[in-house]
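Worksheet: the structure to be examined is printed underneath.
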Protein chains: 2
Amino acid sequence: MEDRPSYDRKLLQILRDAAGVFAEKGYHRASIRDISAATDVSLSGLYYYFSSKEELLFLIQDHCFGTLLACLEEELNRESDPAVRLRIVVRNHLRFFLDNMKEMKVLSHEADVLTGKYQNTIQDRKRAYADTVHEILGDLRPADGADLRTATFVLFGMMNWVYTWYRPERDLPVERMEEEILHLFLNGFLTSKTSSDPGGEDDIRPLEPSSIWRSG
Amino acid sequence: MEDRPSYDRKLLQILRDAAGVFAEKGYHRASIRDISAATDVSLSGLYYYFSSKEELLFLIQDHCFGTLLACLEEELNRESDPAVRLRIVVRNHLRFFLDNMKEMKVLSHEADVLTGKYQNTIQDRKRAYADTVHEILGDLRPADGADLRTATFVLFGMMNWVYTWYRPERDLPVERMEEEILHLFLNGFLTSKTSSDPGGEDDIRPLEPSSIWRSG
DNA sequence: TCCGGAACCGTACAAGCGTTCGATCGGCAA
DNA sequence: TTGCCGATCGAACGCTTGTACGGTTCCGGA
């Protein structure tokens, strides 16, 4: 591949603008014409930079995830203490999320619209990311009975959900949020379930069987 | 309004089937024709039960949220201890989520596609729900420095994210998940941040300024 | 037997969609 | 000047979409 810096720069700008449109309207509701308007590139001109709407989404997700992982690995390679490594993960994830809210919203929200090869590539990256966190949590030697898979996804849930509610002008700054989430997670994760469990275990009668939910 | 039990029953069945389609393909990608196929009701016959695609989505979300809130309030009215009340919230939310995964995925994932009056109605319900949890957390007298708003949404994040990863045949049963999440959250929430914080606070140099993220 | 309305259907339409195609422009090498 | 090529465009095509409309079937009451 030849070196075309102006091409690369414009492509990245398109990815950024398109991510904004996707973040606001959602992938399927956003039309290529919307993206044409947002990027100031003609409808057909866009197809010089990607070959289909799906590839555009893939490029956004892949580039976003790529830089997220690259930054993480670089930081992680310098540390071996599991507790610090987890801190790095949370910090990296949250900062990236809040600095690239639009792109990360697209990454979180449009997780399963890609198909075929595009889908596989992104899914592999996600699995690798989750495996990294899963491993760190295992190294932390958590309290007995803690389920690692559940804990991993619960942690991701805490962090990924922020795009639905976080308002920079209203909520805590990134650094405080990092502390808050890390503290919340670590204390629960490392505390034994039998000892010192707040809010008694058996002083509440069980709910009716789940069939009551089916409301039909 | 007259009493038409057969009408109501069929509408609920349509809502359920449509929720399945929306959950699988997403609201915008799913067409009324898809729903027609899933419900075995003709394209135009559907419009006897709702007046637009958006209203269909609203009916799904409203009915789903309605029963969720009704069940919760009934349970909550019988309890005053904040710790138990929180346990009820988590239990109710998770059970409902896992029993009505499709509907709840639609409720979580298609949160901001409704407009106008439809949007307001659902948003009000959500706000009321969040306020209830927010209030319970406040009654728990958390550790100093904990941010209530952040904690509330972090808790919702843990619980709402499950639709992206939970597989009934692979993961913990509902009851264990309840314990896991409640334990995780409560221990972090009620533990003071200054005392016994695992994974030292200052033994990691700060990351570079956030400008490094902007990858363009 | 007739009637009215609830329940339901087949068909059509205008709008919007993603994508294609041939043409055009500007700058650089020959 | 010519020729090439990366970059860009306007216009169109074929298709799907949500919805409207007029008709049809079914059934309980008069």
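No hydrogens, no waters, no symmetry mates; every other heavy atom, side chains included, goes into these values. Chain A is the first sequence line, chain B the second, and so forth, proteins listed ahead of strands; every chain is numbered from 1.
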*Pairs in or reaching into residues 151-168 of chain B: which pass salt bridge (charged side-chain N to carboxylate O under 4.0 Å, His left out), with residues at least two apart or in two chains?*
none
*Of G45(A) and R29(B), whose closest DNA chain D nucleotide lies nearer the 5' terminus?*
G45(A)
*Write out all pairs satisfying salt bridge (charged side-chain N to carboxylate O under 4.0 Å, His left out) with one or both partners inside residues 120-130 of chain A, taking only residues at least two apart or from two chains.*
D62(A)-R125(A), D124(A)-R127(A)
*Which nucleotides of nucleotides 24-29 of chain C have their base under 4.0 Å from a protein heavy atom (B), which only their sugar-phosphate (S), and which neither (-), written as one string 5' to 3'?*
------
*Tell me, please, which residues at least two apart from E110(A) pass side-chain hydrogen bond (donor to acceptor under 3.5 Å, both in side chains).*
none
*How long is the line joining CG of D8(A) and P of dG6(D), in whole Å?*
15 Å
*Within a strict 4.5 Å, meaning less than it, do heavy atoms of the L86(A) and L155(A) side chains meet?*
yes
*asked:* Using whole Å, what does the distance between atom C1' of nucleotide dA7(D) and atom CD1 of I14(A) come to?
replied: 11 Å
*Not counting sequence neighbours, which residues clear side-chain contact (heavy atoms from CB on, under 4.5 Å) with E175(A)? List them please.*
R95(A), P173(A)
*Select base, sugar-phosphate, or nothing to describe what Y49(B) touches, counting heavy atoms under 4.0 Å on all strands.*
sugar-phosphate
*For R176(B), check side-chain hydrogen bond (donor to acceptor under 3.5 Å, both in side chains) against everything at least two apart and list the hits.*
E180(B)
Could you list the protein-to-nucleotides 14-16 of chain C atom pairs, N/O on both sides, closer than 3.5 Å?
none

*Return the value, rounded to whole Å, for the distance between atom CD of E54(A) and atom P of dC17(C).*
18 Å
_As a test of reading the structure: which of dT8(D), dG18(D), dT19(C) is closest to the side chain of K53(B), going by heavy atoms?_
dG18(D)
*Kindly say if Y48(A) contacts the phosphate of dC9(D), meaning a side-chain N or O under 4.0 Å from OP1 or OP2.*
no
_Checking Y129(B) now: which residues fulfil side-chain hydrogen bond (donor to acceptor under 3.5 Å, both in side chains) with it, not counting sequence neighbours?_
H93(B)
_Quick check on E24(A): does its CD atom have over 12 non-hydrogen neighbours (other residues, nucleotides or ligands) under 6.0 Å away?_
no
*Which residues pass the side-chain hydrogen bond (donor to acceptor under 3.5 Å, both in side chains) test with E135(B), sequence neighbours left out?*
none
*Encode nucleotides 20-27 of chain D as B, S and - characters from 5' to 3', where the letter depends on protein heavy atoms closer than 4.0 Å: B to the base, S only to sugar-phosphate, - to neither.*
BB------
*Round to a whole Å and report the spacing from NE2 of H28(B) to C1' of dG18(D).*
12 Å
_Worked verdict on F50(B) versus L15(B) for side chain to side chain contact (heavy atoms under 4.5 Å, CB included)_ = CA-CA 10 Å; F50(B) 50 84; L15(B) 294 187; 5.9 Å; no
_Interatomic distance, D40(A) CG vs dA7(D) P [rounded to whole Å]_ = 18 Å
_Can you list everything that forms a salt bridge (Lys or Arg N to Asp or Glu O under 4.0 Å) with D171(A)? Sequence neighbours excluded, please._
R149(B)
*Give the rounded distance in Å between these two atoms: CD of E55(A) and P of dG18(C).*
15 Å
_ring pair (Phe, Tyr, Trp, His ring centres under 6.0 Å) against Y7(A), all qualifying residues, sequence neighbours excluded_ = Y49(A)
*asked:* Rounding to an integer number of Å, can you tell me how far K10(B) NZ sits from dA6(C) P?
replied: 16 Å
_Could you tell me how far apart I35(B) (CD1) and dG18(D) (C1') are, to the nearest whole angstrom?_
11 Å
